[in-house]
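These notes concern the structure reproduced below.
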Amino acid sequence: MPLVPAKNILIKAYREGYAIGAFNFVNMEMLQAILQTANNLRAPVIIQASEGAISYAGLSTIVSMARTLAGEVDIPVALHLDHGHKLETIRACIQAGFTSVMIDASHLPYTENAALTRQVVEIAHQSGVSVEAELGRLMGVEDTVSVAERDAVLVDPEEAGRFVQETKVDSLAPAVGTSHGAFKYKGAARLDLERLKKVKEKTGIPLVLHGASSIPADLLQEAVDSGIPVGEAKGVPLEEVQKAIKLGVAKVNIDTDLRLGFVSAMRRILAEKPETFDLRKILGPARGKVAQIIADRIQALGCANRA
Ligand code: G3H
Ligand code: 13P
Ligand code: ZN
């Protein structure tokens, strides 16, 4: 199918109480793993490329791979720019064929974030492209920190409501205690669900959970066994993600789980078969491992059979 705007699939998920998996890709194998698995499970899906992925693979390569492979499956697929920082990149992505963009101006003061987001919404909506923005700082917050410290970092629900009204953004990533990468928490892995509930009440639009990799025990063990030094890694438990979905999260961003799976599988093959130098025998099993992880996540998010 041709690529669709993210808004179309997110609103349906939001209303019906499930979430869409938004999976990062940087190469053909990752993209194939995402699209083939989502298609097998009849799940709408968001494929996302960061600015880093775009400079690694090239903008036109990302878009042509996405269009070609999405064209071969029969599920709704949106191509999303993950963490866009520069207006220039956002414009280039829209022009090249992305159907959704994120403006991440969360490091700026509220007024500047809102003004820049509003500007991106005006540009993107002219081309039917959806927009995601972010409020608050993405970081794990320990149970021991004070209320004031927590408030200084995490999203303010009142402000989130005002932000959505002022910017007309299509979806919002509120900081509720997740962070990117493999080391999300030192203490208990928990989301601020009370805060999320208030954000839902104040905003009324699909919410996005960044930093949502779970790093389950079996994946962590495989990564450590393959030689990746991530023994202390801690992700967001899937049950926490599922609670968040009940509170308005309709897009769940997953990258770290896929990277760990891909690289662990590659490293295992390289260690077991040092004589192998056929790329397909190394990247093929890595693609298969990523496909398994994606299948598990799609089932957990409740988006299978929603296409
Ligand atoms: O949120 C960040 C994603 O995991 C992409 O990471 O900027 O290293 O491509 P990246
Ligand atoms: P993880 O690092 O938890 O996979 O988060 C990815 C993400 O938020 C991409 O925007
Ligand atoms: Zn993110």
Side-chain angles (χ1 to χ4, degrees), residues 6 10 19-27 29-31 33-34 45-59 61-62 66 78-86 89-90 93 98 100-107 113 130-141 154-155 171-185 189-191 206-216 219-220 223 228 230 232-238 240-241 244-245 249-264 289-290 293-294 296-298 300-301:
L10 290 180
I20 304 292
F23 302 104
N24 289 71
F25 70 100
V26 298
N27 63 8
E29 284 78 8
M30 293 288 264
L31 186 56
I34 303 165
V45 74
I46 297 177
I47 49 176
Q48 53 187 18
S50 66
E51 289 180 345
I54 292 170
S55 34
Y56 172 74
L59 181 57
T61 305
I62 291 278
L79 173 62
H80 176 75
L81 168 67
D82 189 28
H83 294 283
H85 292 105
K86 291 180 268 167
T89 315
I90 288 172
C93 286
F98 276 61
S100 176
V101 291
M102 175 182 187
I103 168 68
D104 178 359
S106 54
H107 53 287
N113 184 354
S130 319
V131 181
E132 171 184 330
E134 179 170 311
L135 263 185
R137 275 190 287 146
L138 285 180
M139 52 196 282
V141 176
L154 300 183
V155 68
S171 62
L172 181 71
V176 288
T178 59
S179 64
H180 291 116
F183 303 95
K184 298 184 191 298
Y185 304 95
R190 215 171 289 144
L191 303 181
L207 302 176
V208 181
L209 193 64
H210 279 250
S213 277
S214 305
I215 323 179
L219 177 60
L220 183 60
I228 311 176
V230 285
E232 301 301 308
K234 198 180 271 187
V236 186
L238 275 176
E240 288 286 295
V241 175
I245 295 171
V249 165
K251 173 173 180 272
V252 172
N253 282 16
I254 297 169
D255 186 8
T256 297
D257 280 344
L258 311 187
R259 293 183 187 199
L260 283 175
F262 197 96
V263 176
S264 306
K289 178 68 200 174
V290 170
I293 298 170
I294 292 171
D296 283 354
R297 296 298 174 280
I298 284 177
L301 302 182

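Note that ligands are numbered from 1 as they come in the structure, with each ligand's atoms numbered from 1 the same way. Every heavy atom of this structure was used, including side-chain atoms; hydrogens, water molecules and symmetry mates were not. In this text the structure is predicted, and so the values were computed from the model without any measurement.
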[Y] and [X], any side-chain heavy atoms less than 4.5 Å apart:
{"X": "His210", "Y": "His83", "answer": "yes"}
{"X": "Tyr185", "Y": "Arg190", "answer": "no"}
{"X": "Ile90", "Y": "Phe98", "answer": "no"}

For ligand 2, what N or O to protein N or O distances fall under 3.5 Å?
{"unit_1": "ligand 2", "atom_1": "2 (O)", "unit_2": "Gly181", "atom_2": "N", "d": "2.8"}
{"unit_1": "ligand 2", "atom_1": "2 (O)", "unit_2": "Thr256", "atom_2": "OG1", "d": "2.6"}
{"unit_1": "ligand 2", "atom_1": "3 (O)", "unit_2": "Lys184", "atom_2": "NZ", "d": "2.5"}
{"unit_1": "ligand 2", "atom_1": "3 (O)", "unit_2": "Ala212", "atom_2": "N", "d": "3.2"}
{"unit_1": "ligand 2", "atom_1": "3 (O)", "unit_2": "Ser213", "atom_2": "N", "d": "3.0"}
{"unit_1": "ligand 2", "atom_1": "4 (O)", "unit_2": "Ser213", "atom_2": "OG", "d": "2.6"}
{"unit_1": "ligand 2", "atom_1": "4 (O)", "unit_2": "Asp255", "atom_2": "N", "d": "2.7"}
{"unit_1": "ligand 2", "atom_1": "4 (O)", "unit_2": "Thr256", "atom_2": "N", "d": "2.7"}
{"unit_1": "ligand 2", "atom_1": "4 (O)", "unit_2": "Thr256", "atom_2": "OG1", "d": "3.4"}
{"unit_1": "ligand 2", "atom_1": "5 (O)", "unit_2": "Gly211", "atom_2": "N", "d": "3.3"}
{"unit_1": "ligand 2", "atom_1": "8 (O)", "unit_2": "His180", "atom_2": "NE2", "d": "3.0"}
{"unit_1": "ligand 2", "atom_1": "8 (O)", "unit_2": "His210", "atom_2": "ND1", "d": "3.4"}
{"unit_1": "ligand 2", "atom_1": "8 (O)", "unit_2": "Gly211", "atom_2": "N", "d": "2.8"}
{"unit_1": "ligand 2", "atom_1": "10 (O)", "unit_2": "Asp82", "atom_2": "OD1", "d": "2.9"}
{"unit_1": "ligand 2", "atom_1": "10 (O)", "unit_2": "Asp82", "atom_2": "OD2", "d": "2.7"}
{"unit_1": "ligand 2", "atom_1": "10 (O)", "unit_2": "His83", "atom_2": "NE2", "d": "3.2"}
{"unit_1": "ligand 2", "atom_1": "10 (O)", "unit_2": "His210", "atom_2": "ND1", "d": "3.2"}
{"unit_1": "ligand 2", "atom_1": "10 (O)", "unit_2": "Asn253", "atom_2": "ND2", "d": "3.1"}

Basic-acidic side-chain contact under 4.0 Å: Lys251, Glu132: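 Yes, Lys251 and Glu132 are salt-bridged.
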
- prompt: For the Zn ion (ligand 3), what is the closest N, O or S atom on His210?
  reply: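 Considering only N, O and S atoms, His210 comes nearest to the Zn ion (ligand 3) through ND1.
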
Could you pull out the N/O contacts under 3.5 angstrom between ligand 1 and the surrounding protein atoms?
{"unit_1": "ligand 1", "atom_1": "1 (O)", "unit_2": "His83", "atom_2": "NE2", "d": "3.3"}
{"unit_1": "ligand 1", "atom_1": "1 (O)", "unit_2": "His180", "atom_2": "NE2", "d": "3.1"}
{"unit_1": "ligand 1", "atom_1": "4 (O)", "unit_2": "Asp255", "atom_2": "OD2", "d": "2.6"}
{"unit_1": "ligand 1", "atom_1": "6 (O)", "unit_2": "Arg259", "atom_2": "NH2", "d": "3.1"}
{"unit_1": "ligand 1", "atom_1": "8 (O)", "unit_2": "Arg259", "atom_2": "NH2", "d": "3.1"}
{"unit_1": "ligand 1", "atom_1": "9 (O)", "unit_2": "Ser50", "atom_2": "OG", "d": "2.6"}

- prompt: Where the side chain of Asp257 meets the backbone of Ser214, is there a donor-acceptor pair that is under 3.5 Å apart?
  reply: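 Here the side-chain-to-backbone pair exists.
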
- request: Look only at the side chain of Asn113 and the backbone of Glu134, and say whether a donor-acceptor pair between them is shorter than 3.5 Å.
  value: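 Here the side-chain-to-backbone pair exists.
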
Straight-line distance of [X] [atom1] to [Y] [atom2], nearest 0.5 Å:
{"X": "Ile245", "Y": "Leu238", "atom1": "CD1", "atom2": "CG", "answer": "8.5 Å"}
{"X": "Phe25", "Y": "Ile34", "atom1": "CZ", "atom2": "CD1", "answer": "7.0 Å"}
{"X": "Thr256", "Y": "Lys184", "atom1": "OG1", "atom2": "NZ", "answer": "5.0 Å"}

- prompt: Does a donor on one side chain and an acceptor on the other come within less than 3.5 Å for His107 and His85?
  reply: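 Per modelled atom types, His107 and His85 side chains form no pair under 3.5 Å.
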
message: Tell me the angle that NE2 of His180 and NE2 of His83 form around the Zn ion (ligand 3), rounded to 10°.
response: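 Centred on the Zn ion (ligand 3), the NE2/NE2 angle is 100° (to 10°).
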
